[in-house]
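Take a look at the structure set out below.
So that the names make sense, note that chain A is the first sequence line, chain B the second, and so on, each numbered from 1. Please read these numbers as outputs of a predicted model, since none were measured by experiment.
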Amino acid sequence: MPAKHERPTHGVAMSNVRVRIAPSPTGPPHVGTAYIGLFDYAFARHAGGKFVLRIEDTDQERSTKESEEAILRALRWLGLEYDEGPDVGGPYGPYRQSERTDIYREHAMKLVATGHAYHCFCTRERLSQMRKEQQKRKQPPMYDGTCRELSADEVRSRLDAAEPAVFRLKVPREGETAYTDLVRKKGEPVVFQNRHIDDQVLLKSDGFPTYHLANVVDDHLMEITHVVRAEEWVNSTPKHIMLYKAFGWEPPKYAHMPLLRNRDKSKISKRKNHTSLDWYREHGFLPEAMLNFLALMGFSAEEGEEVFDLDAMVRDFSWDRIKTSQPIFDVDKLEWLNGVYIRELGVDELIERLRPFAEAGRLDQGETTRKMVGIIQERLKTLDEFDKWTWFFFTDELDYDVETLIPKKTTGPETAAILRAALDAYEGVDEWTTEPLEQTGRGLCDRLEFKVGQVFMALRVAITGSGQSPPLFESMEILGRTRSLARLRDALARLGEQEGETGRIAD
RNA sequence: GGCCCCGUCGUCCAGCCUGGUUUAGGACACCGGCCUUUCACGCCGGCGACACGGGUUCAAAUCCCGUCGGGGUCACCA
């Protein structure tokens, strides 16, 4: 059943849909790549089409193999499986632009032959000088056209002289170029005056293409039907349209997604945010929470649900539900979502997810481990908080300040009395499980004239070393009789020590 | 600065296309309360927005225009 708001204007048979994610391997895997990839994936799957991964490594200076591998790993971690890509192959390969340079060169030559592009011999120095002057004159920095009308003879002789050259797009000085966007302007065309469009470099002097040439040629050759990319590309789109026209090709549909933002609304950046997917994985974020959160940044479910999985997004996907406004990357909300997903996990599953975050040997298949993970589950916001909640199970050197042992509205001697009585009582407990341990604790409160809060807090700190811990009696059960009693004795000793030193405890 | 996009609570989102059902709804965060052995979870409540100005209309968050604001982009990077 089709969604009621679905636009019937895609103009492409469902099964023909092909989208691609085209990351540049110039750094750690970026959240923006996952964000765009998510929408690519959701749309492709929704439409029954194909999702392609293409590596845009045309920047020889900055592209690295390590970065490419990390991007592939991150996409897999998230579960954004692609149908075609450099490591899985496919009928439109190669999927790495550095392996397609002949194709671009050939196409660039074609454009020169048809008068849509020209050789340019201007040096970088001259160009930057030119821009400087243009800005001084408050003119928009644009190529001044020096090489635009060079004669064929001059071009040939300079080429023969091995003078470095680039290929530039010959943008018409008149007229306008327009396109319609799937997500913005409510279907009205976005119009650009050609005189504002620069003669973009298509092929660099190192023989590599720029993004503009490579993405157009590849998208066409790979039969991409819909280009889903970030909003920062809107201004380049008319150049791309011109290229399609110059080649005599049909342009794809465009969908420009809103850019992820820093708190100050600027484009998300590593200076102001964690932008590496690896960082989120290493800090205990679940891939399903990450995906759900990223989805929320640009998409809203029909019934307004906030928590939904990839399959639900695929099912409900519609360009009508894609937002245009500038979403701020709100880590607080990500953490909340992560907690939601952690709580939904089964204990055994959670143990496996926790394993990379726990020191070796701390998580086994035993019942005690299951109990321990069970009591911290609803307290975890991220997997890397495992240690924060469980450290006291794995050491006998509790590190805490004696003062924290003394509950509010209680004196040192009173605390000592409480712990003394507790030690006596617990030494008599044989069945060391939560129920009897709690009964004993409550009986203690009745006999002593102290409140539950006072008694339990003193016990809590003695047992766990902190005023904030998992449930006390469950923790005692997990710790075991011997170690629990030892901690009570240890606490008593610490109190005695302090009394001896100061003679008096704060009251 | 030129060009382009965007503009509902602090943040994310619903409502806008197909004006009235809205004293503008939900979520995160924050504050208060309940539950409770702490923390957390859960539950209840509170705070809090249609950028502004015109116009169209019986009626505008919703349609039109202008202003203002925010962002993006102006590389032999993508």
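Base engagement by A:Ser469 is indicated by at least one non-hydrogen atom pair under 4.0 Å involving a base atom. At a threshold of 4.0 angstrom between heavy atoms, the contacts of A:Phe208 with the nucleic acid are absent. Across all strands, A:Pro258 comes closer than 4.0 Å to no nucleic acid atom at all (heavy-atom distances). Here A:Lys323 lies in heavy-atom contact (under 4.0 Å) with sugar-phosphate atoms only.
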| said: side-chain contact (heavy atoms from CB on, under 4.5 Å), that's the test. Do A:Tyr95 and A:Asp218 meet it? Break it down for me. | reply: CA-CA 9 Å; A:Tyr95 292 91; A:Asp218 285 346; over 6 Å; no

Quiz prompt | Intermediate values then yes/no, side chain to side chain donor-acceptor pair (under 3.5 Å), A:Asp384 and A:His283 | solution = CA-CA 6 Å; A:Asp384 69 348; A:His283 283 78; 4.8 Å; no

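A donor-acceptor contact under 3.5 Å links the side chain of A:Lys333 to the base of B:A27.
At a threshold of 4.0 Å, the pair A:Lys272-A:Asp264 counts as salt-bridged, since one of the basic side-chain nitrogens sits closer than that to a carboxylate oxygen. The residues A:Asp144 and A:Arg126 are annotated as salt-bridged, a charged nitrogen and a carboxylate oxygen being separated by less than 4.0 angstrom.
To the nearest angstrom, C1' of B:U11 lies 13 Å from CG of A:Asn273. Rounding to whole angstrom units, CD1 of residue A:Ile375 and P of B:A40 are separated by 16 Å. Between A:Gln454 atom CD and B:U38 atom P the separation is 13 Å, expressed in whole Å. With rounding to whole Å, A:Leu337 atom CG is found 10 Å from B:A29 atom P. Taking atom CD1 of residue A:Ile322 and atom P of nucleotide B:C13, one finds them 11 Å apart after rounding to whole Å. Atom CZ of A:Phe192 is separated from atom P of B:C3 by 12 Å (rounded to the nearest Å).
At the phosphate of B:U38, neither OP1 nor OP2 sits under 4.0 Å from any side-chain N or O atom of A:Thr464. Considering only side-chain N and O atoms, A:Arg442 lies under 4.0 angstrom from the phosphate OP1 or OP2 of B:U37. At B:G15, one or more side-chain N or O atoms of A:Arg321 fall inside 4.0 Å of OP1 or OP2 (strictly under the cut-off). Contact between the side-chain N/O atoms of A:Lys185 and the OP1/OP2 oxygens of B:C5 is found at a separation under 4.0 Å.
Taking atom P on both nucleotides, B:C17 is separated from B:U22 by 16 Å, rounded to a whole Å. Rounded to whole Å, the C1' atom of B:G10 lies 8 Å from the corresponding atom of B:A29.
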What protein N or O atoms touch nucleotides 41-49 of chain B N or O atoms at under 3.5 angstrom, if any, and at what distances?
| unit_1 | atom_1 | unit_2 | atom_2 | d |
| --- | --- | --- | --- | --- |
| B:C41 | O3' | A:Arg343 | NH1 | 3.4 |

Letter by letter from the 5' end, nucleotides 68-78 of chain B scores (B base, S sugar-phosphate only, - none; protein heavy atoms under 4.0 Å) --BSBSSSBBB

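Counting heavy atoms from C-beta on, the side chains of A:Phe450 and A:Pro407 never come closer than 4.5 Å. Residues A:Val234 and A:Phe192 are in side-chain contact: their nearest non-hydrogen atoms beyond the backbone lie under 4.5 Å apart.
For the pair A:Arg494 and A:Tyr400, the cation-pi criterion (under 6.0 Å, within 45° of the ring axis) is fulfilled. For A:Arg229 and A:Tyr254, the positive end is not near the middle of the six-membered ring at less than 6.0 Å and at most 45° from its axis.
Checked against B:U37, B:U38, B:C13, the side chain of A:Pro327 finds its nearest nucleotide in B:C13.
In this structure, B:G42 and B:C34 make a Watson-Crick or G-U wobble pair, each of the two defining distances being under 3.5 angstrom.
With 3.5 Å as the limit, one finds no donor-acceptor pair spanning the side chains of A:Tyr82 and A:Asp40.
Between A:Phe39 and A:His226, the ring centre distance reaches or exceeds 6.0 Å.
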